[in-house]
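Below is one structure, written out as structure tokens; the observations come after it.
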Amino acid sequence: MLHLRVKLLSTSRYWLLLAALMVPVSIQAQTWQAAVGAQSVDKAKQVIAFLPNEIWIHAGDTVNWTVGADEIHTITFLTVGQVRLPFFVGCPGFSFGAASFDGSTCVSTPPMVAGQTFNVMFPTPGNFKLVCLVHPDMTAVVHVLDTSVPLPHDQSFYDKEAAEQAKELLAELNQGQAHHHAASPNDIVVGAGKTLANAAGHNTISLMRFVQPELVIHAGATVEWTNDDPSMPHTITFGTEPGNPVPPSPNVSPDADGALHATINSTSDSAHSGFIVSAPQDQTSLPQTPLGFTRFRVTFTNPGVYPYICALHDNLGMKGTIIVLP
């Protein structure tokens, strides 16, 4: 009898163990860390990139993006075929703090700066494009796999990859190289930049500086600013900063060669270039884009000291001075 009870007990334990093994094991959802942007110590060089810009996760996982630069960025997922709107409109509208994205409804943050974070949970498998509405050449991909599919990388891999990508992009741009592009002594190079591509999309490194921040001229001379960045807009702003930085001030008009031109007669005068930036690249099957305004000229009629800024990036140190002698 005792032998039979032991045998029955062993058999019941066997079936309990077998039943436990047959119950599906749920994989605990994971939160992944990624970065948005990076910068040099003096904020002059801005890494316009998601770091890393490609990541594989499981359905149900969350990605936490942390902004690592003082340049503004958005974290935006649009639906397939959706028209991209200006960053101050969103997609339209904004999400704050956290959101969920499955491809059916867009998600976008407002402009974010260093230290701010945003979480996105991905409930369903798919391959989703990530963009920044501020910067056209800043894209990434999130691959969301079924929980039954093994992931190719862990968090330590992405941490290392993000650091390497930021370091490589910062090394791409040598501020001293921009000095050689000025065509004449009264020309000032406005920024510089490079756009690079990999399998996941585009990354950009931009210099947020007037390359010759102080220039001495004589009254009656004209100074010309030229934007050398492939996609980053800048402004040349004297005096009062406008509420809307996109259009030029009323005292600005185009020269025959398309460059914008203003005349300043006094240190109390204001003049604003509006966005100085090259036109987007043309694409097959789409209308040709018009030429962008890439040059701005100012004629100074009287002596004085004329400080100016880029109204978009003065917080990063993008400022200059024109000293006009008699």
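The figures here come from the full heavy-atom set of this structure, side chains too, leaving out hydrogens, waters and symmetry mates. Not measured: the values here are computed from a predicted model.
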Using a 3.5 Å distance criterion without hydrogens, assess whether the side chain of [X] forms a donor-acceptor pair with backbone atoms of [Y].
X: D61; Y: Q30; answer: yes
X: K45; Y: L173; answer: yes
X: S270; Y: T240; answer: yes
X: H313; Y: M318; answer: no
X: D154; Y: F157; answer: yes
X: T76; Y: S108; answer: no
X: K319; Y: C310; answer: no
X: T139; Y: H202; answer: yes
X: T226; Y: V189; answer: no
X: R209; Y: L316; answer: yes

When rounded to the nearest 0.5 angstrom, what distance separates [atom1] in [X] from [atom2] in [Y]?
X: T31; Y: Q155; atom1: OG1; atom2: CD; value: 9.5 Å
X: Q212; Y: I322; atom1: CD; atom2: CD1; value: 8.0 Å
X: L51; Y: N203; atom1: CG; atom2: CG; value: 7.0 Å
X: L133; Y: M138; atom1: CG; atom2: CE; value: 10.5 Å
X: T289; Y: Q283; atom1: OG1; atom2: CD; value: 9.5 Å
X: S206; Y: E71; atom1: OG; atom2: CD; value: 8.0 Å

Side-chain donor-acceptor pair under 3.5 Å between [X] and [Y], yes or no?
X: T62; Y: N119; result: no
X: T299; Y: H261; result: yes
X: N64; Y: W32; result: no
X: D187; Y: S184; result: yes
X: Q46; Y: Q39; result: yes
X: T294; Y: N227; result: no
X: T237; Y: H272; result: yes
X: N53; Y: N198; result: yes

Linking I/L/V/M/F/W/Y whenever any side-chain heavy atoms sit under 4.5 Å apart, do [X] and [Y] land together?
X: W56; Y: V149; value: yes
X: I72; Y: L85; value: yes
X: I48; Y: F87; value: no
X: F122; Y: I75; value: yes

Using ring centroids (six-membered ring only for Trp), state whether [Y] and [X] fall under 6.0 Å.
X: F275; Y: F293; answer: no
X: F210; Y: Y308; answer: yes
X: F128; Y: F77; answer: no

Got [X] and [Y] here, is their nearest side-chain heavy-atom distance under 4.5 Å?
X: M232; Y: V277; result: no
X: Y158; Y: Q33; result: no
X: S100; Y: P123; result: yes
X: P110; Y: F96; result: yes
X: T321; Y: V305; result: yes
X: M208; Y: H234; result: yes
X: I188; Y: V223; result: yes
X: V142; Y: I57; result: yes

Before you tell me yes or no, could you show the steps for R297 and D257 under salt bridge (charged side-chain N to carboxylate O under 4.0 Å, His left out), namely the whole-Å CA-CA distance, both residues' side-chain angles and the distance that decides it to 0.1 Å? CA-CA 12 Å; R297 297 171 183 146; D257 62 359; 2.6 Å; yes
Only one of V190, T235, L260 forms a side chain to side chain contact (heavy atoms under 4.5 Å, CB included) with I276, so which one is it? L260
Quickly, which of D269, N265, V324 forms a side chain to side chain contact (heavy atoms under 4.5 Å, CB included) with N302? Name it, please. N265
Walk me through whether L169 and L196 qualify under side-chain contact (heavy atoms from CB on, under 4.5 Å). CA-CA 9 Å; L169 284 165; L196 306 175; 3.6 Å; yes
Step through the shown structure and confirm whether more than 12 heavy atoms of other residues, nucleotides or ligands are within 6.0 Å of [atom1] on [X].
X: L291; atom1: CG; answer: no
X: Q82; atom1: CD; answer: yes
X: R295; atom1: CZ; answer: no

side-chain contact (heavy atoms from CB on, under 4.5 Å), that's the test. Do V216 and L325 meet it? Break it down for me. CA-CA 7 Å; V216 179; L325 304 177; 3.6 Å; yes
Do W65 and T109 pass the side-chain contact (heavy atoms from CB on, under 4.5 Å) test, and can you show the C-alpha distance, the side-chain angles, and the key distance before you say yes or no? CA-CA 11 Å; W65 280 277; T109 68; over 6 Å; no
Evaluation steps, ring-ring contact (aromatic ring centres under 6.0 Å, His included), between F94 and F88: CA-CA 9 Å; F94 302 107; F88 49 83; 9.3 Å; no
By the disulfide bond (SG atoms under 2.5 Å apart) test, which pairs, at least two apart or in different chains, include something from residues 105-167? C91-C106
As a quick check of understanding, evaluate salt bridge (charged side-chain N to carboxylate O under 4.0 Å, His left out) for D70 and K43, giving each step before the final call. CA-CA 7 Å; D70 288 79; K43 304 180 184 180; 3.5 Å; yes
